[in-house]
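Every chain is numbered from 1, with letters handed out A, B, ... down the list of sequences.
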Amino acid sequence: MGNKKFILLVDDDSALRELLEMFLEMNNFQTILASNGKEGIEKIKNIKVDLLIVDLIMPTMDGLRFLKKLRQDLKLESPIIVLSGLNKNNIKQEALEGGATEVIFKPIDPDALLKRIHHYIEA
Amino acid sequence: MNSTDSLITNARSAFDNIVAGARAQPLALICALLIWALTVTGFFNSADALIYDYYSKWTTKLGSEVQDIIIVEYNPTDWNIKNDDWINAITLLEEMNAKEIVFTHLPGDLKSDFFQKAKTYNNIVFGRKLITDPKNPDEYSVEPFPEEIDNVNIKYGVIGIPASSHGVYRYQNRSYEVKGEKMDALETVIATKYLDKAPNVSGKYLINFSGGVERLPKITLQKLLKKEGIKELFSNKIVMIGYTNAATDVGLVTPGIDPNYPLSLVEFQSFAVDTLINHKAVSETGAVTNLIIFVAIALLSFILYFQVETTTVAFITIGLVFAYAVISFISLKLLLLWPPLVEAMILQVILFGAFYSRKSIIENLTVTKMIVELTERINRKVSPPGFHLTPEYWKHVINMVDQVLSLNKIIFLERVKNDHRVREVVGLRCSLTDIAENRRDYERTPYSTALQERKPIVIQKYFKNVIASETQYLLPLLFSGEVMGFWAFTVQEASKEAIPDFDKTLNTFGEQIANLLYQRQMVKVQEAREKTAWFKYWLFEQSTIYSQLQKSIMSFNRQLNIYENIFDGLNEASILYDLFGRVLKINKLMSELMQEEGLSPFSFNAQALIERLTGLETDYVKKCMKHVILDQRRLVFPAGLKGKKDRAYILSIRDLRYQPDRLTPGEEAYPFQSIGILLELIDVTKMNEFYKIKEQVIDRVKIQYSNDLQSILLGISLIMNKNLEETKRQRAADISGKKIVDSVGLVTDAQKLLDVDLQFGFVKCYPIDAKSPINFAIDTVTSELYSKNIKIKKDVPDLVNLVYASQNELVNMIRAILKFLIQDAVEDSEIQVAIEESRTHVIYTFSNKGFGMPNERFQFYLSTKGEVSITEFGEIRDLIPIIKEWGGELKAESAVGIGTSFVLKLKGFM
């Protein structure tokens with residue numbers, strides 16, 4: 001338990017959030033959940049996370065703002081995977097410029113997602 | 001047209017001209033016969049003689065000295081010559097071998113010995129004057145020889161001079177009639193002796209005075225007697241002995257001689273003898289020859305005239321007249337033939353006049369025919385034949401008028417042609433029998449009053465059975481100032497009040513109806529014309545034809561104006577080029593757009609403009625143009641204007657062609673049947689927006705669908721994992737199942753949204769981009785912001801959900817809010833604009849640092865219908881119910897000294 005890596009999941013879709021949580025925990029990751037960027041900021045202040053999986057389109061604070069906040073204000077260095085349903089090249093570019101480590105478009109095969117996560121952190 | 005066609009056309013044209021010339025030949029013959037008849041009657045004699053004299057003056061300068069004649073002259077008043085002197089003189093002359101010795105008079109004191117001597121010489125001829133018989137003035141005898149002389153075998157000739165013409169002596173007679181017998185004139189006798197045969201003249205002949213008096217060798221009798229004359233002077237010559245001019249007192253004025261120095265009789269006779277012995281008599285053309293000449297001139301001239309341009313005919317005429325003058329001179333000089341010069345000249349001028357008259361008549365006929373045909377063609381263009389005569393058409397017209405103006409009784413009356421009465425064209429709820437006024441004479445009241453007023457006039461008791469609340473009107477129907485008819489109607493006061501600017505509106509309708517009546521009249525005229533030869537119109541109705549043409553052109557012009565207005569009013573910016581790149585027509589919108597772009601339409605050809613608007617390469621544009629013109633392809637390219645980057649355009653390029661079935665007879669299409677190249681710059685910004693809106697919806701659906709699919713994939717992955725707890729697996733199954741149902745619902749909802757046709761503007765609420773209305777609204781208030789130096793501070797997320805609204809009304813709402821805030825704001829301040837997104841809504845916040853107002857009053861204004869001085873307040877208030885229809889709400893509050901803020905909450909999409 002103590003060695004498990006922390007992943008912060010930021011997505012406004014509660015169902016997806018819940019399923020991802022189950023999937024990551026089944027694969028020995030510890031998850032922290034937030035429904036938007038603002039909530040994510042609050043969460044990250046208390047716990048050091050090893051990886052962030054972030055949606056882009058969210059109320060209150062969208063993913064791009066959240067990225068900028070993390071990288072510019074909070075100087076977070078952890079890898080950030082943007083998992084977006086908005087499959088557009090300009091968005092991908094903006095996300096990468098904003099501080100995303102990788103941008104993955106939904107839907108992605110859960111195993112493939114897991115491989116990408118393992119690419120950055122080991123469970 | 002190729003060269004063969006050109007040759008055929010030219011040949012045909014030349015042939016037509018010859019035919020035209022041939023058709024005009026009777027006129028030419030008439031001219032020739034007229035001149036000939038006048039010539040025969042001597043009408044031109046005086047003029048002819050004047051020209052002859054003038055020419056003779058020139059020919060006298062060209063003559064050489066007379067070789068065969070010498071004059072021995074004396075003045076009897078200076079010197080008394082005796083019989084012995086004369087014997088001495090003839091003896092000397094014989095010694096010097098004179099060929100003939102001619103006494104042009106009988107000296108008074110000659111004795112018989114002189115005559116005896118003269119007889120022995122056999123070469124002496126005496127002239128004997130003609131003497132009028134005192135008892136019978138019409139009978140002549142010759143001057144007698146002295147009585148004592150045996151006059152047998154003395155040769156003599158008659159001295160006579162034909163009467164002058166205007167004092168000029170031009171002729172000599174071959175012989176004179178003396179007591180019923182013809183006696184040779186002295187000159188004839190001398191010439192016969194000299195030539196040993198009778199001279200080749202008959203009757204009267206023109207004496208050749210060429211060379212003038214200077215060429216006659218002369219010697220005085222005194223010198224002869226003093227033997228000062230040498231033999232060579234007299235040898236083999238005819239010696240003409242006579243008085244000097246001074247002795248005869250009155251000289252003879254002849255052609256080519258200075259009238260101040262007239263000839264003496266002996267000089268005149270010497271010229272006549274010279275004329276005969278040297279065969280120099282000038283002959284004149286006879287009547288038959290003249291007729292042939294005149295006919296030839298006339299026929300050839302007309303053929304020539306019809307071959308050349310009308311303007312050239314004048315030069316040809318002048319040239320021919322000059323040529324006749326030269327030919328006559330040459331003829332006189334070389335052929336000793338005097339042609340009918342004056343007659344030929346006058347004939348030529350008459351032919352010229354006749355040609356012009358005929359040409360003018362032909363041209364006039366042609367022009368008239370053209371006008372008639374043009375008028376008909378214009379009329380056919382303006383309206384199809386027969387169309388205006390059908391009762392159905394007029395029923396349609398009167399119904400339209402009724403529907404628009406809500407009148408009661410309506411009747412259209414037309415003027416009866418060539419009469420001052422009117423008759424019914426069509427009536428609605430009435431007919432001609434319902435009109436109480438029975439005269440129907442438009443020269444009388446009430447028609448004449450309406451014509452004077454030229455507007456609808458109120459009339460009384462015109463219609464029968466009119467109810468009290470109806471007002472009766474009569475309106476003259478004028479077209480091009482001419483009465484076409486009248487429009488009578490009744491109207492209720494309420495209906496009248498509903499018609500804006502009653503007189504003007506009625507007049508506008510009246511003009512249209514008058515135009516239709518004119519068309520109707522034209523069709524009738526056309527029908528009548530088809531039954532009558534058009535030249536009848538030329539003869540009797542010239543003015544009608546011109547008047548009809550004028551009206552037709554006016555009517556056509558009106559139609560053309562309509563087309564031009566339509567072209568100008570097109571929503572597409574259009575420009576029409578001819579095939580050679582010249583601008584034929586540009587509509588108002590294109591003109592404005594090009595002006596805004598700083599382009600001059602007339603400095604850009606079609607190719608350059610296409611390049612400029614589309615950014616395509618020159619070579620590619622050239623290929624496109626080729627396709628458009630030769631293959632009749634319509635090409636469309638995306639286009640843009642540098643000054644309107646926010647607008648999207650497409651450029652349509654197409655070849656505008658004549659439709660062969662629309663060409664009237666006589667009209668020809670241009671080469672390739674192409675009118676030109678039409679460029680249409682079509683603004684597709686709105687259409688783009690519609691597509692963008694749907695694209696945004698699709699994007700959002702895609703995002704949601706991707707999310708749902710991702711959940712389903714994760715759910716399946718979890719369900720299939722046997723290591724997962726059963727409760728979790730069940731939970732994953734539940735969530736996945738719900739997501740599948742959501743996805744199906746999502747697809748159905750998306751399909752409905754995509755099926756909506758946004759272009760017709762019936763859709764009041766649709767998911768639209770939440771951010772762009774803010775930008776559009778800010779663009780509309782830039783001048784207000786600038787005037788108070790207020791800045792807009794935006795706090796807008798990059799990614800915002802779509803909101804349910806209407807694009808235009810949302811822009812209007814935001815603009816009204818911004819305008820209100822600008823008015824309320826202090827100068828040099830900021831207006832905050834922010835967007836925040838909740839799970840279900842997008843929230844717009846607009847606030848300023850301004851003067852504000854008590855919140856209670858503010859809320860009162862915002863929520864009630866109380867009078868407000870600020871327009872934008874009213875606009876905001878009017879839009880609040882619409883926002884509610886979208887599922888949104890607007891809240892606002894204000895505080896004095898702090899400012900005002902608005903919170904607009906709109907429902908988010910998905």
Next item on the list: Identify whether the distance between the nearest side-chain nitrogen and carboxylate oxygen of K849(B) and E830(B) falls below 4.0 Å.
Entry: no
Checklist line | Which atoms of I735(B) approach chain A - backbone, side chain, both or neither, heavy atom under 4.5 Å | finding: side chain
Notebook entry, point to check: If we ignore angles and hydrogens, is there a donor and acceptor under 3.5 Å between the side chains of D708(B) and S711(B)?
Noted result: no
Notebook entry, point to check: Quick one: of P107(A), G85(A), S35(A), who has the most non-hydrogen atom pairs under 4.5 Å with chain B?
Noted result: P107(A)
Check: Are there residues of residues 64-74 of chain A that reach to under 4.5 Å of chain B by heavy atoms, and which ones?
Finding: L64(A), R65(A), K68(A)
Notebook entry, point to check: So with a 6.0 Å cut-off around CD of E726(B), is the heavy-atom count from everything else above 12?
Noted result: yes
Notebook entry, point to check: Based on non-hydrogen pairs under 4.5 Å, which of V842(B), D795(B), I835(B) is most in contact with chain A?
Noted result: D795(B)
Notebook entry, point to check: Side chain, backbone, both or neither: which part of M26(A) has a heavy atom under 4.5 Å from chain B?
Noted result: side chain
Margin query: At a 4.5 Å cut-off on heavy atoms, which part of N721(B) comes close to chain A: side chain, backbone, both, or neither?
Written below: side chain
Item checked: Selection from I108(A), D12(A), L83(A) maximising heavy-atom pairs under 4.5 Å formed with chain B -> I108(A)
Notebook entry, point to check: What residue in R731(B), R700(B), H841(B) has the most heavy-atom pairs under 4.5 Å with chain A?
Noted result: R731(B)
Note to self: When you compare the side chains of Q730(B) and D734(B), does any donor N or O come within less than 3.5 Å of an acceptor on the partner?
What the structure shows: yes
Next item on the list: Please work out which of the three classes, parallel, tilted or perpendicular, describes the rings of Y804(B) and F909(B), given edges at 30° and 60°.
Entry: perpendicular
Notebook entry, point to check: Is there a donor-acceptor contact under 3.5 Å linking the side chains of K907(B) and N801(B)?
Noted result: no
Notebook entry, point to check: If you measure from NE2 on H118(A) to CG on D111(A), what distance do you get to the nearest 0.5 Å?
Noted result: 10.5 Å
Next item on the list: Select, from E725(B), K739(B), K738(B), the one with the greatest count of heavy-atom pairs under 4.5 Å involving chain A.
Entry: K739(B)
Notebook entry, point to check: Does the side chain of E836(B) come under 3.5 Å of the side chain of Y844(B) through a donor N or O and an acceptor N or O?
Noted result: no
Notebook entry, point to check: Who among I57(A), L56(A), L20(A) has the most heavy-atom pairs with chain B under 4.5 Å?
Noted result: I57(A)
Check: Side chains of V800(B) and D62(A): closer than 4.5 Å at any heavy-atom pair?
Finding: no
Check: Is the closest side-chain donor-acceptor distance between E25(A) and T31(A) under 3.5 Å?
Finding: yes
